[in-house]
Amino acid sequence: MREKAVMLGEREMEPRIRVLILLVCLLPAFVECSIRHYKFNVVMKKTTRLCSSKPVVTVNGRFPGPTLYAREDDTVLVNVVNHVKYNMSIHWHGIRQFRTGWADGPAYITQCPIQPGQNFVYNFTISGQRGTLLWHAHILWLRATVHGAIVILPKLGVPYPFPKPHKEIVIILGEWWKSDVEAVIDEALNFGMAPNVSDAHTINGVPGFVPNCPSQGGFTLKVKRNKTYMLRIINAGLNEELFFKIARHKLTVVEVDATYVKPFQIDTIEIAPGQTTNAILKADQCPGKYVVTASPFMDTPIEVDNMTATATLHYSGTVANSPTNFTNIPPTNATPIANKFIESLRSLNSKTYPAKVPLSVDHSLFFTVGLGVVPCPTCKATNGFRAVADINNVTFVMPTTALLQAHYFNIKGVFTDDFPGYPPFVFNYTGDPPKNFQTTAGTKVYRLPYNSRVQVVLQGTSVLGPDNHPIHLHGFNFFVVGRGLGNYNPKKDTKRFNLVDPVERNTIDVPTRGWVAIRFRADNPGVWFLHCHLEVHTTWGLKMAFLVENGNGPNECLLPPPKDLPKC
């Protein structure tokens, strides 16, 4: 009866029944419910961190925002109501959005933003996915505080492919600025310099112990001895990759980016912005208190926020004044520790969860990713230039009409479909930089036929200096078939590709002075964003989009836009 009632239109339900159904659907996924209703009120909230206060943009007054719970195959409807002065859009990071690209969320890519005082209902079905993802604002730098977890449980009656943990706990890692975040990036763009780094990292919204701010509390992870806990770890930070570890405890990794992996044990997890990792913690140490840390990883000489966020693992029965057990924090440039984690990842590739890796490709693309410069008359401090970022020497220019609308309604002049599949000129990508640092600008997409098999080699460069880039692809998961240092060599490196059990992700690190190769099947019609998930690089233009054409028949075509789609 409940499922039938949920499917009824609102006018057909008596008001008290409608409220009851809404409350049932908002329960943390312990109740069967085929449609999940959420309401996200975007509001300002005065928030205190680091012994100073400022108003920040939040969802429902919470930082981090509420966790969205669902089961595989559920339909999710989220009514986002914008009560702040900024335009708003929400991206459901990692949700495949089969044929529902209108609900993907990146502003001016799949939708115009929700204007102040307006609302939009995101409507999507979770198909073939289970695990941990995240949602976040996808406009300006608002995702600094507008973000939260997505927890997708398996279908009812379907177990995890590992022993069920005693409890599941969401751990969201982030960054905090004392200043207004929008003012930080605006100032940087006006003067042509890199923006100020954050003032602290956070674990579930708080930094933990901070020198000169003894009143600042930290998150407490309460456990019982010999019980197991699944930590759903999310990096919702803007610009920094992080190391996560717990003093004297090992973590068994079982999933990344909502795909199961072959379990392996490790003491330090490396996690980039936009990535998620599920890890099993066994509380197998002596009762006491143990520090939990989130610290930066950056293996190039670039300024980072070197403030380590801390939380406390607290065993039940521990005396309040017991000393805390500490751990060695990895050096900021600890590449071997990061690589140990990254290279341990393998798809589960079981009968139930096979790794459907494309064994051949129809489109073999080579994308260089990096930085450059363009003229900037107001940038006196940088001699009339400012830094930009690019893919294949194209710095992406954001349109004022959403690309998906332009594609669907055949609106001319919004974009061109001539994004280069290879860089315009060849140079020693990870060696000495070219003499010309300038990039071209354009709103370009790369067109793909429906169901085509695609390989993209993402090649890091050192034009203005080497850097790492966590690249996120909307609308798809991809398989990471190869990874290496230096310049990609198609004759040698393809021989080392893993086409059996490569890890499946939606966000992947392009290593400093290195490359990574990914493969996916273009089985989702629409316009799909590919960009660096370091917000500074996205702002500077390290982004492009794939336009995937419709296939044959209604099940292979993009659905029509919803009637309440925001207007520009």
Side-chain angles (χ1 to χ4, degrees), residues 1-7 21 24-38 67-78 92-100 123-135 148-171 227-234 251-264 275-282 345-357 475-479 500-506 521 523-524 555:
M1 290 294 293
R2 181 175 60 249
E3 289 187 0
K4 184 177 180 180
V6 171
M7 298 301 292
I21 291 169
V24 168
C25 288
L26 287 174
L27 288 174
F30 300 118
V31 180
E32 182 179 1
C33 187
S34 60
I35 297 182
R36 308 273 173 167
H37 293 267
Y38 286 86
T67 297
L68 190 156
Y69 289 93
R71 286 195 182 274
E72 182 181 350
D73 288 344
D74 280 356
T75 293
V76 179
L77 288 88
V78 188
W92 317 97
H93 182 113
I95 298 292
R96 287 292 312 275
Q97 299 287 0
F98 285 107
R99 302 172 57 223
T100 57
N123 184 345
F124 54 89
T125 298
I126 299 170
S127 301
Q129 293 182 276
R130 77 296 302 168
T132 304
L133 296 170
L134 69 152
W135 59 263
I150 301 175
V151 172
I152 309 170
L153 293 173
K155 300 175 187 178
L156 280 174
V158 177
Y160 293 129
F162 47 82
K164 183 180 179 180
H166 170 67
K167 190 176 181 180
E168 301 179 11
I169 300 167
V170 171
I171 303 287
K227 297 290 187 180
T228 59
Y229 299 81
M230 183 159 72
L231 307 183
R232 296 179 177 269
I233 308 165
I234 299 167
L251 296 167
T252 301
V253 177
V254 294
E255 177 229 300
V256 294
D257 292 2
T259 59
Y260 296 131
V261 297
K262 290 182 172 67
F264 65 93
Q275 291 183 334
T276 64
T277 299
N278 281 7
I280 304 297
L281 164 72
K282 185 174 182 181
L345 296 170
R346 294 285 186 274
S347 286
L348 190 58
N349 195 22
S350 65
K351 184 177 180 180
T352 307
Y353 304 103
K356 298 179 181 179
V357 189
F476 301 94
N477 282 354
F478 50 74
F479 292 96
V500 177
D501 61 352
V503 67
E504 184 179 354
R505 306 208 71 157
N506 63 59
R521 185 178 291 272
D523 58 359
N524 196 5
N555 291 332

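All values reported here derive from a predicted model rather than from experimental measurement.
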Hey, is the main chain of Asp73 close enough, under 3.5 Å, to the side chain of Thr125 for a donor-acceptor pair?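 Checking the backbone N and O of Asp73 against the side chain of Thr125, no donor-acceptor pair under 3.5 Å is found.
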Could you tell me whether a side-chain N or O of Ser34 sits under 3.5 Å from a main-chain N or O of Asp74, the two making a donor and an acceptor?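 The answer is no, because no donor-acceptor pair under 3.5 Å joins these two groups.
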Could you list the donor-acceptor pairs under 3.5 angstrom formed by side chains in residues 160-168, with sequence neighbours left out?
from, atom 1, to, atom 2, distance (Å)
Tyr160, OH, Glu168, OE2, 2.5
Tyr160, OH, Arg232, NH2, 3.3
Glu168, OE1, Arg232, NE, 3.1
Glu168, OE1, Arg232, NH2, 2.8

Mind checking what makes side chain to side chain donor-acceptor pair (under 3.5 Å) contact with [X], not counting sequence neighbours?
X	result
Glu72	Arg130
Thr100	Gln97
Asn524	none
Thr252	none

Testing the basics here: between [X] and [Y], what is the closest heavy-atom pair and its distance to 0.1 Å?
X	Y	value
Tyr260	Pro154	OH-CG, 4.0 Å
Ile126	Ala70	CD1-CB, 3.6 Å
Arg505	Leu345	NH1-CD1, 3.6 Å
Thr132	Thr276	O-OG1, 2.8 Å

Starting at CG of Leu348, measure out to OH of Tyr353 and round the result to the nearest 0.5 Å.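 Between atom CG of Leu348 and atom OH of Tyr353 there are 8.5 Å.
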Supply the atom-to-atom distance Thr228 OG1 to Ile280 CD1, rounded to the nearest 0.5 angstrom.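 With rounding to 0.5 Å, OG1 (Thr228) is 6.0 Å from CD1 (Ile280).
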For Ile233 and Asn278, run side-chain contact (heavy atoms from CB on, under 4.5 Å): C-alpha distance rounded to whole Å, both residues' side-chain angles, the deciding distance at 0.1 Å, then the answer. CA-CA 6 Å; Ile233 308 165; Asn278 281 7; over 6 Å; no
Set of residues satisfying salt bridge (charged side-chain N to carboxylate O under 4.0 Å, His left out) with respect to Lys227, sequence neighbours excluded: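 None.
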Salt bridge (charged side-chain N to carboxylate O under 4.0 Å, His left out) against Arg99, all qualifying residues, sequence neighbours excluded: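 Partners of Arg99 by the salt bridge (charged side-chain N to carboxylate O under 4.0 Å, His left out) criterion come out as none, since no residue qualifies.
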Taking side chain to side chain contact (heavy atoms under 4.5 Å, CB included) as the definition, give me every residue that meets it alongside [X], ordered by chain and number, with sequence neighbours left out.
X	value
Thr259	Val256, Asn477, Glu504
Asn349	Lys262, Pro354, Ala355, Val500, Asp501
Asp523	Arg96, Phe98, Tyr450, Asn451, Phe476, Arg521

Taking the side chain as every heavy atom from C-beta outward, state whether [X] and [Y] have any pair of such atoms under 4.5 Å apart.
X	Y	answer
Ile171	Ile234	no
Val76	Leu68	yes
Leu133	Asn506	yes
Met230	Glu255	no
Val261	Val503	yes
Tyr38	Trp135	no

Residues in ring-ring contact (aromatic ring centres under 6.0 Å, His included) with Phe124, at least two apart?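 Result, ring-ring contact (aromatic ring centres under 6.0 Å, His included) vs Phe124: Trp92.
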Candidate pair Ile150 and Leu134, rule side-chain contact (heavy atoms from CB on, under 4.5 Å), full reasoning: CA-CA 5 Å; Ile150 301 175; Leu134 69 152; 5.5 Å; no
